[in-house]
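Here is the naming used below: chain letters follow the sequence lines, and residue numbers restart at 1 for every chain.
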Amino acid sequence: MTLRLYDTRTRGVRAVEPIRSGSVGVYVCGPTVQAAPHVGHLRSAVALDVLHRWLVTSGYAVTFVRNVTDVDDKIIHDAAHNDEPWWALSARITRAFDDAYDAVQVLRPTIDPRVTGHLPQIIALIETIIERGHAYASGGDVYLSVRTVDGYGALSNQSLDALQASEKSVPHGQTGEKRDPLDFALWKSAKPGEPSWPSPWGAGRPGWHIECSAMAVEYLGEAFDIHAGGLDLVFPHHENEIAQSACAGHAFARLWLHHGLVTAAGGEKMSKSLGNSITVAEALATTRPQVLRYGLGAAHYRSSMQWSADVAAEAEAAYSRIETFVRNAGDAVGDTEVDEALSKASWDEFAAALDDDLGVPQALAAIHSGVRAGNALLAARELPALAATLAVVRRMLAVLALDPVDQWPAGSGSELTRVVDALVALAIEARGHARDRKDYAQADALRDRLTAAGVVLEDTADGVRWRLS
RNA sequence: GGCCGGGUGGCCGAGUGGCUUAGGCAAGGGCCUGCAAAGCCCUGUACGCGGGUUCGAUUCCCGCCCCGGCCUCCA
């Protein structure tokens with residue numbers, strides 16, 4: 001079984017056949033670091049993290065590139081508005097994105113290149129495109145001549161005529177003359193007070209699309225396996241990347257993967273410009289990070305999903321069920337030896353689900369089936385079978401970065417934790433004595449007081465356990 | 001207007017030309033428990049509307065309605 005993914009360009013599911021056997025190169029369009037990350041950005045990162053981790057689990061050497069757009073119109077504008085240097089704003093927001101990724105255990109990319117660190121590569125690429133007759137300089141700008149590109153519009157299935165018909169007038173802030181309204185900027189001449197870099201066409205900065213063409217080739221080569229990003233990037237961003245790279249003679253990405261967007265309560269796309277964002281910081285104020293990860297990752301990556309307090313609550317309930325099983329089964333099993341053969345079917349089901357266009361919903365179904373079967377084995381005290389079930393459940397969870405033991409260890413080390421544990425143990429002991437002499441009124445009174453304090457007791461075959469409600 | 005995606009049981013969310021029609025949450029019943037908690041079992045019979053193809057369609061085709069994305073910066 002090999003991984004099959006939906007390819008936007010061919011509009012169908014295709015097997016991933018790496019260009020270099022055994023290794024896979026992935027380029028992801030990362031954020032423009034202009035404002036604090038919202039849960040939509042995190043959903044993107046989590047969805048692509050599942051791709052990253054599944055490729056690694058499948059045995060590939062993965063080069064995962066996720067760029068950072070650290071200079072653009074909005075960054076410049078917002079920084080000026082804040083009375084802050086543009087580079088300080090982008091550095092600050094880059095840090096906020098990294099913190100958000102770390103909070104939900106998104107693997108670090110192999111490299112996360114920034115636009116401002118790749119001006120030589122960008123300028124060289126533009127020169128190549130001009131030399132090959134596909135771009136022209138005009139008034140300090142450089143434009144790509146869209147009509148010279150064979151197959152422009154293939155990714156987004158747009159015809160040139162249709163695009164022409166809906167094309168608006170020349171966008172603001174461009175001083176040069178386009179030969180054709182469809183042409184787009186590879187290089188923008190500097191305006192007073194804006195950051196700029198020297199180039200053969202005068203001081204200026206890169207257009208939005210060219211950076212990705214340049215950085216992808218820099219780190220993955222002229223041909224690579226997978227290019228990913230949000231559905232909102234298909235046109236014009238990815239269409240233009242394809243055009244630029246084709247004009248430079250690069251084969252570029254083999255497969256184009258696009259994930260769905262997160263909607264806010266009203267059903268509209270969550271975005272900075274619509275002002276309906278829930279920031280990652282806001283979400284984490286009310287939702288545990290592992291639950292946020294579970295919730296954002298639970299829907300199929302290509303579907304749109306809503307994020308709200310209700311969705312978060314459901315994720316909490318579903319994930320707690322998994323946590324409870326892993327904890328209870330772990331205690332019961334101890335170091336019982338694990339017979340891998342007993343759990344092969346579950347793993348195979350899980351692997352087949354992920355191989356089929358990253359079918360996380362079906363993969364989660366396999367995990368939940370394992371949990372249900374495991375809980376039954378726990379009740380029956382069938383420890384060898386339980387040990388195997390627990391092992392495979394945790395192995396599946398680990399692929400999704402959701403293992404409660406290794407990846408999300410409970411708050412530990414704090415002196416307070418030890419104190420609370422000792423105090424609760426004292427109360428549990430007293431309640432045990434009361435139960436032994438069948439003084440249930442007293443036992444229940446003790447339990448009620450713990451409940452009121454936010455401590456839930458469970459009487460299990462392995463003794464009384466407690467957790468925070 | 002053009003291009004794309006979607007409308008599934010109380011909710012979220014998979015999937016399929018008929019077969020045992022995921023999984024989670026919520027609900028009801030049962031079991032377990034001193035009582036709870038946790039857990040297990042059972043129940044609910046869904047596929048936007050109208051046609052068509054078919055022995056048979058939620059699944060394929062046509063039309064319509066509704067929702068969303070892109071066509072301007074956007075994960």
Side-chain angles (χ1 to χ4, degrees), chain A residues 8 11 28-32 34-35 37-48 66 69 72-74 77 97 153 156-159 161-169 171-172 208 228-237 239 258-263 266-274 294-295 298-300 302-306 308 310-311 313-322 324-325 327-328 353 359-369 371-380 435 438-441 443-444 447-448 451 456-460 464-467 469:
Chain A
T8 304
R11 279 171 273 284
V28 174
C29 286
T32 299
Q34 172 233 341
H38 56 64
V39 293
H41 294 115
L42 211 54
R43 192 270 175 110
S44 168
V46 168
L48 297 174
R66 185 182 59 217
T69 300
D72 91 321
D73 292 343
K74 286 194 164 183
H77 173 269
F97 270 86
S156 55
N157 200 32
Q158 311 265 356
S159 76
D161 292 340
L163 289 168
Q164 179 96 59
S166 62
E167 183 72 21
K168 314 235 164 83
S169 54
H172 315 290
W208 176 36
L231 215 41
D232 52 352
L233 298 182
V234 174
F235 190 91
H237 185 53
E239 195 74 71
H258 291 98
H259 64 257
L261 306 175
V262 174
T263 61
E268 273 184 320
K269 178 173 81 160
M270 189 176 287
S271 78
K272 286 169 282 201
S273 44
L274 291 173
Y294 181 96
H300 187 91
R302 280 195 286 116
S303 62
S304 62
M305 69 174 301
Q306 198 188 84
S308 65
D310 287 349
V311 176
E314 233 191 64
E316 170 64 43
Y319 189 67
S320 306
R321 178 177 157 77
I322 294 171
T324 300
F325 166 69
R327 189 196 57 198
N328 291 355
V360 170
Q362 296 94 321
L364 286 175
I367 289 173
H368 278 108
S369 297
V371 168
R372 188 175 352 91
N375 275 323
L377 293 168
L378 176 63
R435 293 177 74 204
K438 304 224 186 298
D439 182 357
Y440 294 121
D444 289 353
R447 185 172 61 194
D448 288 348
T451 304
V456 179
L457 296 191
E458 293 174 21
D459 297 328
T460 77
V464 182
R465 25 183 353 121
W466 70 273
R467 64 186 162 84
S469 61

K.L.:
Establish, from distance only, whether the side-chain atoms of A:E268 and A:T263 form a donor-acceptor pair under 3.5 Å.
P.N.:
no

K.L.:
Could one point to a donor on the side chain of A:D459 or the base of B:A36 with an acceptor on the other under 3.5 Å away?
P.N.:
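Answer is yes: a donor-acceptor pair is held.
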
K.L.:
Please measure how far the C1' atom in B:C65 lies from the corresponding atom in B:G48, and state the result in whole Å.
P.N.:
8 Å

K.L.:
Kindly point out which of B:A37, B:A75, B:A36 is positioned nearest to the side chain of A:R467?
P.N.:
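When the side chain of A:R467 is considered, B:A37 is the closest of B:A37, B:A75, B:A36.
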
K.L.:
Any N or O donor-acceptor pair under 3.5 Å from the base of B:C35 to the side chain of A:D448?
P.N.:
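In this structure, the two groups form no donor-acceptor pair.
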
K.L.:
Answer with base, sugar-phosphate or nothing: what part of the nucleic acid does A:L231 contact at a heavy-atom distance below 4.0 Å?
P.N.:
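Counting heavy atoms under 4.0 Å across all strands, no contact is made by A:L231.
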
K.L.:
Give, ordered by number, those residues of residues 38-46 of chain A having at least one heavy-atom distance below 4.0 Å to an atom of RNA chain B; if nothing qualifies, reply none.
P.N.:
A:H38, A:G40, A:H41, A:S44

K.L.:
Rounded to whole angstroms, how far apart are CD on A:E458 and C1' on B:C32?
P.N.:
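Going from A:E458 (CD) to B:C32 (C1'), I get 14 Å.
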
K.L.:
Can you identify which nucleotide, out of B:C40, B:C73, B:A75, has its nearest atom closest to the A:T32 side chain?
P.N.:
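Closest nucleotide among those given: B:A75.
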
K.L.:
Among B:A75, B:C3, B:C71, which nucleotide sits nearest the side chain of A:N157?
P.N.:
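Of all the options, the side chain of A:N157 is nearest to B:C3.
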
K.L.:
May I ask you to verify if any side-chain N or O of A:K269 is less than 4.0 angstrom from the OP1 or OP2 atom of B:A75?
P.N.:
no

K.L.:
Kindly say if A:R11 contacts the phosphate of B:C3, meaning a side-chain N or O under 4.0 Å from OP1 or OP2.
P.N.:
no

K.L.:
Counting only side-chain heavy atoms from C-beta out, which of B:G13, B:A38, B:C41 sits nearest to A:R372?
P.N.:
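Side chain of A:R372 sits closest to B:C41.
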
